[in-house]
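Below is one structure, written out as structure tokens, with a few remarks after it.
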Number of protein chains: 2
Amino acid sequence: MGITRKQEIIQIASRLFKERGYSAVSMRDIAQALDIKAASLYNHISGKQEILATLIIEVGEEFTSQMSQVMTASLNPIEKIEKVIEMHIDVTVNFPDNIATLNNDWMHLEGIALNRVVKMREDYEENFRKIIKLGISEGNIKSQHPEVILFSILSTLRTLYLWNEKRGKMDVNVLKKDMVSVLINGII
Amino acid sequence: MGITRKQEIIQIASRLFKERGYSAVSMRDIAQALDIKAASLYNHISGKQEILATLIIEVGEEFTSQMSQVMTASLNPIEKIEKVIEMHIDVTVNFPDNIATLNNDWMHLEGIALNRVVKMREDYEENFRKIIKLGISEGNIKSQHPEVILFSILSTLRTLYLWNEKRGKMDVNVLKKDMVSVLINGII
DNA sequence: TCACAAAACTAACGATTGTTAGTTAGAATT
DNA sequence: AATTCTAACTAACAATCGTTAGTTTTGTGA
């Protein structure tokens with residue numbers, strides 16, 4: 001048993017959403033990419049919203065689960081940040097299209113799904129913030145405005161997907177090592 | 001003479017584009033925000049595309065012009081990177097909505113405008129890359145893969161607009177100082 | 001006060017949107 | 001062999017899209 005038709009639809013849709021954005025992709029576009037008619041999609045999914053919600057929640061839960069593993073690990077703050085960076089690179093490699101949609105189209109979610117995703121993101125940021133603040137109070141991290149540190153690292157990690165193709169033949173482990181070095185030690 | 005009606009339309013549109021994206025904002029939405037009918041917009045602009053193109057090219061030219069000033073200044077590579085960071089913060093403060101649209105909706109440009117903007121972005125990145133490579137060869141910058149450095153700094157700067165509201169009462173000059181410190185010296 | 005230009009309006013166009021209803025061909029199950 | 005299930009299809013819907021044409025209102029300068 002390979003992947004279901006439903007998964008196939010969501011996969012193709014995520015690719016199109018990544019390129020053009022949720023609003024610019026029609027159900028007919030998605031159907032055409034699968035070489036079927038738009039109405040046939042509804043044998044597998046309830047609507048465009050379900051595609052969006054499934055896509056986003058899938059990768060959102062991956063981040064949540066991985067972050068909670070990092071939080072409970074017995075590591076010092078700097079080591080935890082390193083883990084978060086490495087984890088982010090792994091998730092980006094495994095879900096590049098989902099991440100694009102999570103970043104750019106979360107606001108087109110409706111109802112409970114929207115609340116849920118917003119809360120997931122807030123919790124994620126709050127966990128990251130805790131690590132940074134602890135690192136500062138313990139003296140491992142320079143005493144800088146924590147929000148600046150949080151934002152700098154997080155925005156680099158979040159937009160990794162944009163750069164992942166250009167990265168080309170660069171090995172994932174090399175990328176992790178360089179990324180950790182640049183984000184933690186700076187460039188000089 | 002304050003701003004023209006055309007500028008007013010573009011301003012309102014950029015705010016809506018920032019929140020929902022170009023494709024999810026209709027001409028009727030823009031008109032409603034101005035308390036007029038959609039057809040009335042066409043007394044001032046030729047169409048939705050003109051709004052998008054004007055918006056994006058405006059801020060694109062600002063970046064191009066400021067970057068070329070940095071390139072010709074007699075500064076060492078590290079000082080140039082500092083200037084680029086500060087410049088990016090200034091442009092973000094002055095054009096927060098344009099930047100959101102440049103980042104997220106450039107692919108919806110059509111015809112010459114699309115080519116032009118893609119070229120502007122490529123040139124911008126190439127200039128930044130030159131600074132970094134020179135810094136590495138001169139020994140001012142750690143010998144790391146230049147693309148990792150370029151990408152880390154640039155993605156932080158490009159998504160500053162997302163964070164600019166949360167920044168709240170944080171003074172622009174403090175932000176510049178902290179940002180330069182984090183991006184160049186790291187967090188430890 | 002009159003003329004003119006600017007900027008709004010109403011009405012409508014053809015195209016496209018997400019979605020539903022009902023049907024059909026073929027495969028799997030009984 | 002008969003039945004059920006799966007997954008496609010055609011046709012159509014109401015709503016909305018960007019845009020155009022033609023008309024009316026509004027404000028300004030002569």
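None of these values were measured; they are calculated from a predicted model. Naming convention: chains lettered A, B, ... in sequence-line order (proteins, then strands); numbering from 1 in each chain.
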Is there a side-chain polar atom (N or O) of [X] under 4.0 Å from OP1 or OP2 of [N]?
{"X": "A/His44", "N": "D/dA8", "result": "yes"}
{"X": "A/Ser26", "N": "C/dT16", "result": "no"}
{"X": "B/Ser40", "N": "C/dC9", "result": "yes"}
{"X": "A/Arg5", "N": "D/dA8", "result": "yes"}
{"X": "B/Lys48", "N": "D/dG18", "result": "yes"}

Q) Got more than 12 heavy atoms from elsewhere within 6.0 Å of NZ, A/Lys18? A)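 Enclosed.
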Q | Over 12 foreign heavy atoms within 6.0 Å of CD, B/Glu138 | A |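 For B/Glu138, atom CD is crowded (more than 12 foreign heavy atoms under 6.0 Å).
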Q.
Let me confirm one number: the CD1-OG1 distance from A/Ile10 to A/Thr101, rounded to the nearest 0.5 Å.
A.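 Nearest 0.5 Å value for the CD1-OG1 distance: 11.5 Å.
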Minimum-distance nucleotide (side-chain atoms of [X] versus [options]):
{"X": "B/Ala39", "options": "C/dA21, C/dT10, D/dG18", "answer": "C/dT10"}
{"X": "A/Ile36", "options": "C/dA11, D/dC9, D/dG18", "answer": "D/dC9"}
{"X": "A/Lys37", "options": "D/dT10, C/dT10, D/dT19", "answer": "D/dT10"}
{"X": "A/Arg28", "options": "C/dT20, D/dA7, D/dA12", "answer": "D/dA12"}

Round to a whole Å and report the spacing from [atom1] of [X] to [atom2] of [N].
{"X": "B/Tyr42", "N": "D/dT23", "atom1": "OH", "atom2": "C1'", "value": "19 Å"}
{"X": "B/Glu110", "N": "D/dG18", "atom1": "CD", "atom2": "P", "value": "12 Å"}
{"X": "A/Leu52", "N": "C/dT17", "atom1": "CG", "atom2": "P", "value": "17 Å"}
{"X": "B/Met27", "N": "C/dA12", "atom1": "CE", "atom2": "C1'", "value": "17 Å"}
{"X": "A/Leu41", "N": "D/dC9", "atom1": "CG", "atom2": "C1'", "value": "13 Å"}
{"X": "B/Ile30", "N": "C/dA8", "atom1": "CD1", "atom2": "P", "value": "14 Å"}
{"X": "A/Asn43", "N": "C/dA21", "atom1": "CG", "atom2": "P", "value": "13 Å"}
{"X": "B/Ile45", "N": "D/dT20", "atom1": "CD1", "atom2": "C1'", "value": "13 Å"}

Q: Sequence neighbours left out, what pairs pass ring pair (Phe, Tyr, Trp, His ring centres under 6.0 Å) with at least one residue falling in residues 101-124 of chain A?
A: A/Tyr22-A/His108, A/Phe63-A/Tyr124, A/His88-A/Tyr124
(Q) On DNA chain C, does the nearest nucleotide to A/Ala24 precede the nearest nucleotide to A/Ser46 from the 5' side, or the other way round? Give the residue. (A) A/Ala24
Q: Find which nucleotide of DNA chain C each of A/Asp29 and B/Asp35 is nearest to by heavy atoms, and output the residue with the more 5' nucleotide.
A: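 Per heavy-atom nearest nucleotide, the more 5' residue is B/Asp35.
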Q: Scan residues 141-150 of chain B for pairs that pass side-chain hydrogen bond (donor to acceptor under 3.5 Å, both in side chains), counting only residues two or more places apart or in two chains.
A: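 Passing the test, one end in residues 141-150 of chain B: A/Ser181-B/Gln144, B/Arg129-B/Glu147.
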